[in-house]
Structure formats: C-alpha cells, structure tokens
Amino acid sequence: MKEKIKLEDYTGVIVNALPKGLLLNSQGEKFNSMVISWGHLGRIWNVPTFIAYVRNTRYTKAQIDATREFSISVPLDKPNPTIFRICGSQSGRDIDKVKEAGLTLEAPETIATPGVKEYPLTLECRVLYSQKQDHLSIPADLRAKFYPDSDDPTMHDTIHDPHTAYIAEIVDAYIIR
C-alpha cells in the first residue's frame with residue numbers, strides 16, 4: 001500500500017536524510033540502486049525537482065541516460081547498514097543488488113523505476129535536463145578534494161570522472177506502507 005504525500009510536508013525529512021545516504025534507483029536492463037549523499041530538493045521551471053549527481057563511470061548513469069528517469073528512496077528510520085554497505089560500495093554491473101542487499105521492490109505509480117520498501121519515502125522523478133560538470137569551473141579547493149588530478153585517465157573518482165547533474169521533476173511522492 002502507498003500513502004500519497006504532500007512533498008512540502010517531508011522536505012525536512014528528505015534534506016536531513018540526504019547527507020546520511022538516500023538510494024538513487026534506476027531501471028534499465030536490471031534494477032540498480034546506489035547510495036547518494038549529494039542532491040538538491042527544490043523548484044525550477046515552476047515544478048518540484050530533485051537534482052541528483054552521478055559520476056560518469058557509474059552503472060546508474062548509463063541507465064538514467066537511457067530511461068531519463070529515476071526514483072529516490074529515503075529511510076524514515078535509521079538506514080539499514082547492509083543496504084547502505086552493498087548499495088554504497090558495490091556496482092550493479094557486477095552483482096544483483098536486490099538479492100545481495102535484500103531489497104523489496106515496490107511497483108512505481110508514474111514511471112517505470114520501482115521504489116524500495118526498506119527506504120519507504122519515495123520520489124518518482126523524470127529527468128528534465130542533464131549537464132556534465134565542467135571541472136575547471138569548480139573552485140580549486142573543492143576540485144582538489146573531490147576530483148583529484150591524476151595522469152591516469154582510467155582512474156575513477158578523479159578529475160577524469162566528473163559528475164553529471166540530473167535535474168528531474170518529481171512526478172509522484174508517497175510512503176510505502
């Protein structure tokens with residue numbers, strides 16, 4: 001069962017949970033979920049939006065690029081450490097995260113990407129715009145911290161692996177009961 005919510009009644013819950021880790025879910029060839037702690041909840045173009053940042057090397061990025069949608073799953077209690085560990089450190093290219101993390105998928109209402117029952121506050125999002133970050137536009141101190149320089153272009157989490165920002169309209173919001 002799903003309980004529809006007014007997004008504005010839960011903005012504090014979502015924003016406070018973000019630095020601790022939300023799930024960004026994508027559905028392409030298979031379901032995938034990754035932990036995110038960067039994002040924005042707000043309004044742009046007069047619609048409610050969630051902005052998610054995904055590194056170019058992530059499996060999730062290819063799925064979002066193909067489907068132009070994702071769901072966000074927010075814990076209402078303390079995040080499950082097993083889900084956090086597996087979805088935060090393993091790639092969906094290599095494992096079945098539903099099985100390994102013990103996720104219970106909940107059928108979506110508006111898009112094709114499910115939510116996760118264990119993280120019940122769910123935002124269904126449809127991408128309106130995406131933009132790859134220009135690392136030279138990022139202040140030098142932040143660039144050094146989050147995008148360290150490397151001569152090896154195959155290294156992940158370096159200057160060679162910037163984020164893409166996905167501005168997505170929140171098309172549905174509910175709590176899975």
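Any value given below was found using the heavy atoms of this structure, including those in side chains, with hydrogens, waters and symmetry copies removed.
With Tyr147 as the partner, the side chain to side chain donor-acceptor pair (under 3.5 Å) test is satisfied by one option alone out of His163, Arg55, His135: His163. Put simply, the residue from Ile44, Ile167, Leu41 that forms a side chain to side chain contact (heavy atoms under 4.5 Å, CB included) with Ile51 is Ile167.
No side-chain heavy atom of Val116 sits less than 4.5 Å from a side-chain heavy atom of Thr104. Counting only heavy atoms from C-beta outward, the side chains of Ile14 and Leu121 approach each other to under 4.5 Å. Side-chain contact check for Tyr119 versus Leu22: every heavy-atom pair is 4.5 Å or farther apart. For the pair Val47 and Val171, the minimum side-chain heavy-atom distance is 4.5 Å or more. Between Lys61 and Thr164 the shortest side-chain heavy-atom distance falls below 4.5 Å. A 4.5 Å side-chain heavy-atom check between Pro75 and Asn80 finds every atom pair outside the cut-off. Residues Arg68 and Ser130 have side chains in contact (heavy-atom distance under 4.5 Å, counting atoms from C-beta outward).
Atom OH of Tyr166 and atom CG of Leu128 lie 13.5 Å apart (nearest 0.5 Å). The line from CG of Leu24 to CZ of Arg58 is 11.5 Å long, rounded to the nearest 0.5 Å. Here CZ of Arg93 is found 11.0 Å from CD of Glu29. Values are rounded to the nearest 0.5 Å. To the nearest 0.5 Å, atoms NZ (Lys6) and CG (Asp9) are separated by 6.0 Å. In this structure, Glu100 CD and Asp94 CG are separated by 11.0 Å, a value rounded to the nearest 0.5 Å. Rounded to the nearest 0.5 angstrom, Glu69 CD and Ser26 OG are separated by 9.5 Å.
Without hydrogens or angle criteria, Lys20 side chain to Lys78 main chain gives no donor-acceptor distance under 3.5 Å. Put simply, the side chain of Arg143 gets close to the backbone of Ile138: a donor and an acceptor are under 3.5 Å apart. Ser71 contributes a side-chain N or O that, together with a main-chain N or O of Pro114, makes up a donor-acceptor pair within less than 3.5 Å. Proximity of a side-chain donor or acceptor of Lys97 to a complementary backbone N or O of Gln90 within less than 3.5 Å is detected.
For the salt bridge (Lys or Arg N to Asp or Glu O under 4.0 Å) condition, no pair includes a residue of residues 112-137, sequence neighbours left out.
Grouping the Ile, Leu, Val, Met, Phe, Trp and Tyr side chains by contacts below 4.5 angstrom, directly or via other members, places Ile72 apart from Phe31. With hydrophobic clusters built from ILVMFWY side chains whose heavy atoms lie under 4.5 angstrom apart, Ile170 does not share a cluster with Tyr129. There is a path of hydrophobic side-chain contacts, each under 4.5 Å, that joins Leu105 to Ile83. Residues Leu18 and Leu23 do not share a hydrophobic cluster, defined by chaining ILVMFWY side chains whose heavy atoms lie under 4.5 Å apart.
Closest approach of Pro48 and Leu7 over heavy atoms only: CB-CD2, 3.8 Å. Contact between Phe50 and Cys125 at its shortest, heavy atoms only, is CB-SG, 4.2 Å. Nearest heavy atom pair, residue Pro108 against residue Tyr174, reads CA-OH, 3.9 Å. For Gly115 against Ile176, the heavy-atom pair with the smallest separation is C-CD1, 4.4 Å. A pairwise comparison of heavy atoms in Ala107 and Lys2 identifies O-NZ, 2.6 Å as the closest pair. Closest approach of Phe70 and Ile111 over heavy atoms only: O-CD1, 3.3 Å.
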Could you go through the side chain to side chain contact (heavy atoms under 4.5 Å, CB included) check for Ile64 and Val127 one step at a time?
CA-CA 8 Å; Ile64 293 174; Val127 175; 3.9 Å; yes
Please determine whether salt bridge (Lys or Arg N to Asp or Glu O under 4.0 Å) holds for the pair Asp141 and Lys145, giving the CA-CA distance in whole Å, both sets of side-chain angles, and the decisive distance to 0.1 Å.
CA-CA 6 Å; Asp141 60 327; Lys145 182 176 180 179; over 6 Å; no
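Other residues, nucleotides and ligands place no more than 12 heavy atoms under 6.0 Å from the CG atom of Asp77.
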Using distance only, find each side-chain donor-acceptor pair of residues 32-40 under 3.5 Å and give its atom names and separation, not counting sequence neighbours.
residue	atom	partner	partner atom	Å
Asn32	ND2	Thr60	OG1	2.8
Ser33	OG	Asn25	OD1	2.7
His40	ND1	Tyr53	OH	3.0

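By the 4.0 Å N-to-carboxylate-O rule, Lys4 lies close enough to Asp172 to be salt-bridged with it.
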